[in-house]
Structures are given as C-alpha cells and as structure tokens.
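One structure is given here, and the rest of the page talks about it.
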Amino acid sequence: MVTSFILYNPKQIENKWQKHWESTQIYKAIDFDSKPKYYSLVMFPYPSGDLHMGHMRVYTISDVISRHRRMCGFNVLNPMGFDAFGLPAENAAIERKIPPAEWTQKNIDYMKNQQLKRMGTSYDWSREVISCNSDYYKWTQWLFLQFYKNNLAYQKEAPVNWCTKCQTVLANEQVEDGMCWRHDDTPVERKMMRQWFLKITNYAEELLSDLDKLTGWPERVKLMQKNWIGKSLGAEIDFLIDGKPNIKIPVYTTRPDTAFGITYLVLAPEHNLVEKLSGEQNKSKVQEYIKKTSLLSEIERLAEGKEKTGVPLGSFAINPFNGKKIPIWTSDYVLLEYGTGAVMGVPAHDQRDFEFAKKFKLEIKQVISQDGLERQLTSAYTDPGIMINSDIFNGLSNEDGKKKIIDHAEKNGFGRHKVTYRLRDWLISRQRYWGCPIPIVYCASCGLLPVEENSLPVLLPEGGIEFAGSGGSPLEKCTEWLSINCPQCGQKAKRETDTMDTFICSSYYYLRYADANNDKKIFDKEKVNYWLPVDQYVGGIEHAILHLLYSRFFTKALYDFGLLTFDEPFTNLLSQGMVTMHSPKEGKIAKMSKSKGNVVGTSEFFDEYGADAARLFILFAAPPEQEVEWSTQGAIGQYRFLERIWRLFFNLKENASLRIVEAIHVKVIHELPQQGLPLRDLYRIANYTIKSVSEDISDKKYIFNTAIARMTELVNNMYKFILDKKSYTDIECQVLSFSFTNLIKLLAPFAPHISEELWEKLDGQDSIHRQKWPTYDKESLVTDEIELVIQMGGKKVDVLTTKKGQSQKELENIALNQEKVKAKLEGKELVKVVVIPDKIVNIVVK
RNA sequence: GCCCUUGUGGCGGAAUGGUAGACGCAACGGACUUAAAAUCCGUUGGUUUGAACAAAGCCGUGCCAGUUCGAGUCUGGCCAAGGGCACCA
C-alpha cells in the first residue's frame, strides 16, 4: 500500500487555511465569556503601505502568544487596527496630489489583506479601529474635552520648532539632526507660539512611583521612563533685587550647600524679568542678545563644547545667606522651562558656572573642599567635601550642609525644599491637516469655548483642500469649515485650526478595542474593565518613552475621571529587538528599512517558502529582546524543517499507521522490556519536548528560539528512530503517533498553517488551534540512571553512567576507582572530594 | 559627560555556579542517482604529539584581578560595540 505523497506546498496550504479561519471566525473574542480572559496586544501600525520582514517580527511574537493562550483555555482578545493619522499621508498629498484619506485607506487595505493576513495572524478583525475615521476620532475629541474640563488641557506660549521654508511648527520627531525633515538644508528655529498642552506633569510623581508596580516590564524600559521623568530633590531660594524691593527671583538648586559660593545669578533669555531688570546702559545689548539667541536652533544653542555667551543686565541681587551683592546676567545656558528659569552661579562647584565665570572674569569662590583647605581651582570641584567660607556652616560635611542650609532658609522665609521634574507638559498642537481637529471655538465676545459634546465629531473637511506645502495648516484656508456660530452667543466665531499630535490617538486605542463598535460611548465601562488591563503588550523599544508614557498618563487620568477601575494599562510588556540586515548604502548591518536599501519583502518569501517558515526563522534566530539579522538562507533552513515534518507524516502514515494519539497509558510504556529502550527514550524525549516548549513559551520566559530547537530535536530523534525500520509493533506505532500528534500541537502557535493541514490530514476534529495544549507524562522523565561527571580541580576528567540516588560515599568511591583518576592521583596528595549527588564528583589534589 | 545593555566557533545563537558550543546556517565527507539537484546518514572551536582512520595532551566564552572544590555565569577594574539622556542647575 502506498499513500500518495504530496509535496509540501506552503502557498496553497496557507491560502486555504487563511480563508477557512476567516469564514469560520475562530479568533473572535467573546465579551464576558466564562473562560478567563487574556488580552494580547501588539502596537498598531502606521499604514505606510508596505510591511517587510522587519515589521513581521512583532506580529509573529504577539501571534504566537495569542495562539498559545487560546490553546491553554483562555478567552483571548487579539485585536488589530491602524494608527492612521500622520504626516506621510499629507506628504503624499503634497507630492502626488492624492487625498490623504484615499492614500491611507488604500494602504490599510493592502496591509490588512495582502500582508497581515498572509502572515497567518489570528486577529479579531471585527474590533478593528482606524484612528482617522470619524467614528474613532470623535472619541479622541471627546477625550480632549474631558481633559479640558478637568483642567488638564491648557494653552500657553512656548518655544517650538519652526521651519522657515514650511512656515510651520514641527514636532520633535520631525526634526532630524537639527534640520527640517523635508528640507535637510534648513535648520529648525525656535519660535514662541501659543499652543495646546496636556498637563502630564500633574502625574509626574505617580508615573514615576507606579513604575514599581510594573513587575512585568523590562527593567531598561522602566529605567528610561524614570530618567525621562527625571525627579530631582533640591531647594528653591528667593533672591531680592538691590534697589527694587518688590521683585524677587526664585532659583532652583540641588546644591544649596554651595550657597555661600554664589557669585552671580543668571536668567534664561526668555525669562520675564530680563526686560525689567535691564539697566539703561545695558538695555540695547540685552535686547540684541535675546534676539540673537532666539534665532539659534536648539542644536546650535546646545552644541557640545560651545563657548558660553551672555550679557550682564546691569542690576544686582542680594545673596540672602550673606547679604552679598551679586551681578545678574542672562545667558542661553539657562533653560526657561526647567526649575524657575533662573540659576544661582556657583563657579567653584559647577562646571558650567565655572566656564561662564572664567569667560566673563567673574569671582570664583570655593566653599567646599576635600581637606578643608582652599586652593586654586582649574575646574569646578563637584566631589563631596567639607564646607569652608560658609560662616556658621563651616566644618560640616556638604551632605549635612544641604539640609541645614535649607532649614536655615526656611526658618528665615527665603527658601524651601523643592522637588523638580525634568518631564515637561505635552505639546499636542500640530499645524497640520491630517490629524484629529481640536474641538475648540474662538468667539470674539465669549472667548475660547469647547465644542459641545453632542455636536462631536468636528469633522475634518475633505475635498478641495489646498496642500501647498507651505504657509501653515491647510485648515486655515478652509474658510467655509473655519467659520462657525458661537455655541454660546450665536455670533460668528472661528474654529481652532490646529490638529492633535497623533500620539493622542494611540494613547487610548487599546481601551477602544474592548468595545470598538460602540457609537454611543467611548466604551462600555463593564467591557473595558472586563478586558483590561492588557495582559501582554508587544512592541518596539523605540516607544519605550513616548507612547508608553502617554498611555500610562491617559489611563491614570481616565481612572481619575471615573471611567476605569485600573490605573496601569499594560501588565506585561515585551519590547522586541529590531530586525537588521546588511545595508549596501551604509556598508554595515543596520535596521531593516526602505531608506537603507536593506529590505526583504514578505510576499516574495511567502510565495516560495511560506509564512510558516518566515515565522519560524524570525523566532528562531535570536531571543525576542535581541536584534535579529535576517537571513534568507537561515529561513530556508526552517523551511527544510517543515518539509522534514511533512515527509515524516507521509512516511509514518504509510508505515506506522499514524493517527491522533494524545496520551499513552503510562503503565504500558513503563512495562516495556529491555529491548524497548530506544522506544522508551523516544517517549521520554517527546514528553521532555512538551515540557520544554511549554516552559519556554510561557510568560516567565518567552524564549521561542529554544522552544523551536527542542521541536527540531524531537523531529531529529523520530527520524533516527525510524531509520532502517521496515515494520513497527503496535506500541511503536502508538509512541510515534503520540510524538507526532503532540509535535504538531506544539508547533501550532509557531507555524499555524502546516500544523492545521496535518491535523486535518490526521482526521483531527475541529481546528488544531482550538485543541487543548498538550500535557506531559511526568513519570516518563524520571530515569534511574544518571551521567556522573568526574572532575579534578574543577576540570572534567571523565563522564560515566551510573545508578541514580547513590550516597556521597558511594559516588566518591566510584570516582576514586576510575583508571584515569588513579593515574592522575599518582604522586599527588588528595586534599578533599566534593560530591554533588547525582551530578558531579570533584577531586581536589595538591 | 552621565546612565543602561551586550561581548561565547566561519556565522546566528545554547548552557538553574557543575560535561562550554544545544539547535540552525555555512563548509566538508558518505549513501542514493547515468549525473546533478533534492533527500537520508555523518564530520566540523583551536592546537600539540603521533605514520595513523588509533589514541592522548594542552589551550579556549573581550582583557586583568578576585570569590569558590568548581566561573561563560558572581564581584571589582579596564577595553570595545550598541542604545538612552544630555548646559536639567
């Protein structure tokens, strides 16, 4: 009897099952199902139009997790959507005259049907969200209004990145090496503009301290967030102005212990007291300086090694500690947005101040010293030491001094303890068309008004938009759209023309998935609190700060608004490493990307070798957090692995009456006679494979590369077992069937198509993806023999197989009686023998 | 400058403080074939002694120390690569 052998044809099989899964809707998540819920999420993509192998990794990792949890009996939510607002669409409109909405939708269709689905992903597409659709951005606007009502959205004048050619503000992400992203010869300038902000700084402390709750997050991500928030403890000290008793300048410092070394004050050029404190003779010079620095780009202003610049204002402040009169300067090395925008100059103990004082010949006064002696400084002394020249504080260690000085200032009312964060409020205004309109109205008589909730969404006008590529937001020229009747007085009013940063859209999409089609509310409270928080989030490390911090902020704010019962959105986070490949343009290995010319498309590979092989390779080549270098050759290796399984199926089907065997009666296997040992080994290996793969795929480990290696080993062992075998006994058929059945079940999350096809060929019920994850026979892993390693001085001398469970003395005797050991012991003195039972004997000699 | 991560064969990578190099790629050999491809079965860290397919020895996880019976793994210092932050007072 010859079973007709069919060649492994991944393209055909994959297409067949993708269609089948879609029509049977096997990945639909059920609200409030009786099974425990599991929310598996991958960061939704920007629809740039073409995914390559570099993108595939994140979807594969997340999909393996989703499929595995489903087989483990969870009610899995695994949704997908598109982060669809953003600049490339607007750019395409400018360059190719395609409306952004059309361009975006075309890309979404392609990515969804030709790419994401072909990867074999298991999304519940009924919950798809597309952030540029009005049924989604209506809720983005609604959220903005909640922030506004809760005093978390406000406008202020702030320095922004400005491109003179585009005549518009750029987001920080759009500034590349200090130049405009569209004009790489145009340095970005700084400009003061009235902009919308979200008050994320209100949550600075909570965002910082709750990092401790996130035990399922990688340490490095938490550390990056911690550094970004940048909490620092110090003091605020008030300085009075000589001759102007009504004005005081508060200054923030982390080194109050150096207060007696203050020899000048510096204000940021944008500080609102600069003008007021400029003396008559200095006024023109100060104004000139302010103008000059305002024109400097961020890059120029912060350039490393840049010489300090600045001008004296011509007025003086009084050091409240010693009554000394000190000059007030302005310099661009002081930032307006940090602390109070003013700094006390202590050249002896701060390197920046030191450089400034040297350049402008200001006094340098040492007040901390290692040995209590004063000496000539060639650079700032920043190490700990003893306080000198500090009046009543002399002789204290500077650490003690910090506290005593603040206490002293507090007692006398000119200073206090102060906590400062590096985190700034979130600038969300964008002078762009392709974004979510900010629902605000400006009325000449009523002022600034929020759009009423029941008239949301504020629709983006479509058609007839002029994308000139210059002159600010295209919305400013949509005169029809722009004018509106004031919701309060009915008079003519104007809409806000800025749109929101797209990070707003992505700060809550994971909540919307819980109830994506609700047109009455942003989401049903019950549903969102059933599904959330996300059990496993997978995404790129590039979002370690922005997206993940913003999302945590949103969740905390929504919790405070009473919409959520949890205050952290993502319980577990996996930050996958990037996919790299040799870039001919850069002459080295670099992140896979179109601009670097090192892209491998998905379709070409899928057509020839299939998505299953690509998935396996991407998971096999390295652990998920590390980088992976794409290698088509390596991926073909995984294709060969799948072919080996495929051929094994036909071989066993023909010769070993292969069938589905989920478990073998344990007794039968253990009563096998001696000559059945290779079979018992195979049974043991099959069970060991189940154990290893289950552990490696669990949320404690996520090491898919070793899981795949274990499966490869099982296949290799099955081949070894059947080598030269012509016929099989019934028990051999059982063990082979058991091994094969469990192999394809273990393989199912990794290579979903081939495992489904083989499951069908085995007459398996339903889908393999709805089978129970295998369990293993613990007893089979217990052996009565062990490999004993014999070492001398920590170096391996011999390995031998012996009975398990022998005493230390017995093992020591076995070791000492080995020929090799005896030979080596000759002429040496035995010092001691270390025995680790069932493992190792280490003989120490002199 | 500060902070973090990573250094293991020709390559990607495995190794609860206990046999370094699992698994794969590449390379080489054998079987099959008229032949090639594919497939199946093997070999493959370096080095020395040896006529040797025998066999045995030595060295080896970026470098230098340390802890330990025993270190790729733990500690300290250094070097290199990558990443984050960067005039944050």
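Proteins get letters first, then strands, A, B, ... in listed order; numbering begins at 1 in each. Keep in mind the model is a prediction, meaning the values are calculated, not measured.
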**Item:** Nearest-nucleotide comparison on RNA chain B, the residue closer to the 5′ end among A/Gly230 and A/Val799
**Value:** A/Val799
**Asked** More 5' along RNA chain B: A/Val628 or A/Lys796, using each one's nearest nucleotide?
**Response** A/Val628
Please determine if a side-chain N or O atom of [X] lies less than 4.0 Å away from the OP1 or OP2 oxygen of [N].
X        : N      : answer
A/Arg644 : B/rC41 : yes
A/Arg422 : B/rA89 : no
A/Asn227 : B/rC2  : no
A/Lys795 : B/rC59 : yes

Ignoring the backbone of [X], work out which of [options] is nearest its side chain.
X        : options                : answer
A/Ile703 : B/rA89, B/rC4, B/rA15  : B/rA15
A/Leu723 : B/rC41, B/rG42, B/rU39 : B/rC41
A/Thr706 : B/rC69, B/rG24, B/rA15 : B/rA15
A/Ala709 : B/rC23, B/rG24, B/rG12 : B/rC23
A/Asn716 : B/rU19, B/rC23, B/rC85 : B/rC23
A/Thr712 : B/rA89, B/rG24, B/rG18 : B/rG24

**Prompt:** When all nucleic acid strands are considered with a 4.0 Å heavy-atom cut-off, which category describes A/Asn705: base, sugar-phosphate, or nothing?
**Reply:** sugar-phosphate
**Request:** For B/rG62 versus B/rA54, give the span between their P atoms, rounded off to a whole number of Å.
**Result:** 31 Å
**Message:** Check A/Glu219 with A/Lys222, please: is the shortest side-chain N to carboxylate O separation under 4.0 Å?
**Reply:** yes
**Sidechain N-carboxylate O distance under 4.0 Å for A/Lys700, A/Glu695** = no
**Message:** Please report the interatomic distance CG(A/Asp383) to OH(A/Tyr381), rounded to the nearest 0.5 Å.
**Reply:** 5.0 Å
**Message:** Rounding to an integer number of Å, can you tell me how far A/Met224 CE sits from B/rC4 P?
**Reply:** 14 Å
